[in-house]
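Note that the coordinates shown come from a computational prediction; the quantities given were computed from them, not determined experimentally. Each chain gets a letter, A, B and so on, in the order the sequences are listed, and its residues count up from 1.
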Number of protein chains: 2
Amino acid sequence: MARLPGYLRALTALAGEGIASVSSEELALAAGVSSAMLRKDLSYLGSYGVRGVGYDVERLASEIAAALGLTQDWPVAIVGMGNLGRALAAYRGFAERGFRVIALLDHDERVVGEEIAGCPVRPMSDLPGLVERDGLAIGVIATASEGAQEACDELVAAGIRSVLNFAPVVLAVPDDVVVRKVDLSTELQILAFHGQRLAVAEAVAP
Amino acid sequence: MARLPGYLRALTALAGEGIASVSSEELALAAGVSSAMLRKDLSYLGSYGVRGVGYDVERLASEIAAALGLTQDWPVAIVGMGNLGRALAAYRGFAERGFRVIALLDHDERVVGEEIAGCPVRPMSDLPGLVERDGLAIGVIATASEGAQEACDELVAAGIRSVLNFAPVVLAVPDDVVVRKVDLSTELQILAFHGQRLAVAEAVAP
DNA sequence: ACGACTTTGTGAAGGGAGGCACAAAGTTGC
DNA sequence: GCAACTTTGTGCCTCCCTTCACAAAGTCGT
């Protein structure tokens with residue numbers, strides 16, 4: 001379920017405010033979904049609500065965290081130390097949510113050895129060892145478009161089956177590999193589309 | 001249509017290889033969709049294909065670009081000059097696709113005046129002027145979660161109706177404002193979910 | 001202890017997006 | 001100029017996701 005992270009985030013925020021119990025209505029509002037959908041989603045996890053009262057915030061949060069597999073730390077490696085890769089390496093958001101960046105990788109020998117955000121850049125040949133010895137399970141692709149497929153192939157060959165792709169290309173992977181895509185320019189283009197529709201609508205009926 | 005940017009990207013790549021004509025089958029493969037869906041999507045734009053031959057790459061690319069409103073440059077402002085905001089300011093991907101970052105903004109007076117990637121950081125109070133005089137239409141929110149709603153409110157108050165949100169919160173906006181969200185940690189959590197399912201499956205049937 | 005009230009969990013209905021399959025249209029070879 | 005082949009455009013069908021609505025269940029006041 002792609003919405004569980006949103007619920008977890010809303011619950012964490014509520015817990016931070018010292019709220020112990022929440023109804024499906026309130027939580028749905030905070031997470032930006034309908035209450036019926038929220039209840040149906042949560043019912044898949046089990047019956048953790050109490051009729052007439054609502055859900056226990058702490059309890060539900062830990063159930064969702066368990067379902068998402070967030071009870072453990074997930075080691076992450078970032079491939080590609082260009083502009084984007086450096087930014088991601090410096091970004092604190094990973095560690096805050098249980099994702100530990102254990103390696104920065106680059107194909108380019110001139111970059112290997114450099115230190116970014118206190119972490120040395122390592123060659124791609126280190127990948128198998130990272131998977132084997134450090135339990136690396138998630139790879140982040142921050143290369144340019146051209147290098148993305150090759151980087152992905154190397155990740156998959158090393159045994160990684162979860163990939164987060166920032167490059168604006170469609171990656172070809174075996175069926176058992178999961179690829180999630182984050183694409184700035186696609187999002188911007190969708191916004192441009194709406195912006196234009198707005199402009200056209202205004203021109204017609206000002 | 002959220003898939004048009006993907007088609008455009010595939011077409012641009014084909015044009016770069018000097019390919020002049022493409023069938024729906026080939027283009028669909030390159031864009032990672034089914035050929036039937038591609039044809040249906042393109043038929044909404046009009047009949048730009050030739051039966052028995054396929055689509056003219058250049059022609060189709062410019063039609064899609066026009067539909068997306070990419071014939072003009074879209075001015076963009078980035079709000080929030082923390083880690084993420086600085087990274088975005090330095091990121092070249094915007095300009096490459098017709099999105100011009102015309103302003104960097106921050107609420108914090110200690111950051112205002114600083115220069116990042118050759119562009120000065122300006123106060124939030126400059127917003128109305130940017131919208132009025134420079135045609136600013138798209139706002140990018142790169143603040144921390146806490147400041148996101150306030151930043152969004154200021155963007156909307158200034159007249160911006162297209163927002164790209166990097167903060168992991170659900171923004172409340174009027175109906176005529178479009179918000180697109182890019183959320184790293186949600187994507188990572190979804191990957192963790194799959195990673196855990198994989199681990200569980202392996203433990204059951206090794 | 002009982003009744004009224006609140007809230008969950010879920011069956012049924014509704015809608016929309018994607019896929020299938022085929023007719024229409026255009027091209028190419030002879 | 002005609003026939004065979006290729007490829008688009010689209011009507012129809014199916015399936016999944018969302019929403020509606022209500023019964024079951026549990027709480028709180030009296």
Side-chain angles (χ1 to χ4, degrees), chain A residues 1-8 10-11 14-15 19-64 67 170 175 178-181 186 190 193-194 197, chain B residues 1-8 10-11 14-15 19-64 67 170 175 178-181 186 190 193-194 197:
Chain A
M1 285 296 170
R3 284 182 297 268
L4 288 181
Y7 302 156
L8 182 56
L11 286 167
L14 289 170
I19 296 168
S21 181
V22 67
S23 73
S24 64
E25 204 74 47
E26 297 166 306
L27 184 55
L29 187 71
V33 299
S34 78
S35 64
M37 201 159 82
L38 174 78
R39 289 200 299 275
K40 188 151 281 193
D41 284 346
L42 295 184
S43 75
Y44 280 94
L45 296 180
S47 291
Y48 299 121
V50 178
R51 295 171 193 234
V53 176
Y55 298 89
D56 182 280
V57 173
E58 297 277 357
R59 172 84 192 288
L60 187 56
S62 73
E63 292 291 345
I64 292 179
V170 178
D175 286 345
V178 179
V179 177
R180 302 284 308 184
K181 195 169 159 185
T186 292
I190 293 171
F193 174 70
H194 285 290
R197 286 186 72 86
Chain B
M1 283 295 169
R3 285 183 295 270
L4 288 181
Y7 301 157
L8 182 55
L11 285 167
L14 289 171
I19 295 168
S21 180
V22 67
S23 73
S24 64
E25 203 75 47
E26 296 167 307
L27 183 55
L29 187 70
V33 300
S34 78
S35 64
M37 201 157 82
L38 174 79
R39 288 200 299 274
K40 190 159 283 189
D41 286 345
L42 295 184
S43 75
Y44 281 94
L45 296 181
S47 291
Y48 298 122
V50 179
R51 297 174 192 232
V53 176
Y55 298 89
D56 182 281
V57 173
E58 297 278 357
R59 172 86 191 287
L60 188 55
S62 73
E63 291 293 344
I64 292 180
V170 179
D175 285 345
V178 179
V179 177
R180 301 285 308 185
K181 194 169 159 187
T186 292
I190 293 171
F193 174 69
H194 285 289
R197 286 185 73 85

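- Contact between A:Pro5 and B:Ile190 at its shortest, heavy atoms only, is CG-CG1, 4.3 Å.
- For A:Val53, whose side chain is taken as the heavy atoms from C-beta onward, the closest listed nucleotide among D:dT27, D:dT19, C:dA21 is D:dT27.
- One can place OH of A:Tyr55 at 13 Å from C1' of C:dT6, the figure rounded to the nearest angstrom.
- Contact annotation: A:Ser34 side-chain N/O to D:dT18 OP1/OP2 distance is not under 4.0 Å.
- Note: CG (B:Leu38) to C1' (D:dG9) measures 12 Å, nearest angstrom.
- When the side-chain nitrogen and oxygen atoms of A:Ser24 are compared with OP1 and OP2 of C:dT8, one or more of them lie within a distance under 4.0 Å.
- Pairing each heavy atom of A:Met1 with each of B:Phe193, the nearest pair is N-CE2, 4.0 Å.
- Residue A:Asp56 contributes atom CG, which lies 13 Å from atom P of D:dT27 at whole-angstrom precision.
- Rounded to an integer number of Å, the gap from A:Arg51 CZ to D:dG26 C1' is 8 Å.
- Rounded to whole Å, atom P of D:dC16 lies 13 Å from atom CE of A:Met1.
- The CG-P distance, from A:Leu60 to C:dT7, rounds to 16 Å in whole Å.
- The minimum heavy-atom distance linking B:Ala31 with A:Val170 is given by the pair O-CG2, 3.5 Å.
- Residue-level contact check: A:Tyr48 touches the backbone only, with heavy atoms under 4.0 Å from sugar-phosphate atoms and none from bases.
- Side-chain atoms of B:Tyr48 and B:Asp56 include no donor-acceptor pair closer than 3.5 Å.
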**Request:** List the steps and the verdict of side-chain contact (heavy atoms from CB on, under 4.5 Å) for B:Leu4 and B:Leu8.
**Result:** CA-CA 6 Å; B:Leu4 288 181; B:Leu8 182 55; over 6 Å; no
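- Spacing between atom CG of A:Leu27 and atom P of C:dG9 amounts to 12 Å, rounded to whole angstrom units.
- For B:Ala36, whose side chain is taken as the heavy atoms from C-beta onward, the closest listed nucleotide among C:dG9, C:dA21, D:dG9 is C:dA21.
- The nearest heavy atom of DNA chain D to A:Asp41 and to B:Lys40 marks one nucleotide each, and the one closer to the 5' end goes with B:Lys40.
- Distance from the side chain of A:Val50 is smallest to D:dG26 among D:dG26, C:dG9, D:dT19.
- Proximity note for B:Arg39 (side chain, C-beta onward) versus C:dG18, C:dT10, D:dT10: the nearest is D:dT10.
- As rounded to whole Å, 8 Å separates atom P of D:dT8 from atom CD of B:Glu25.
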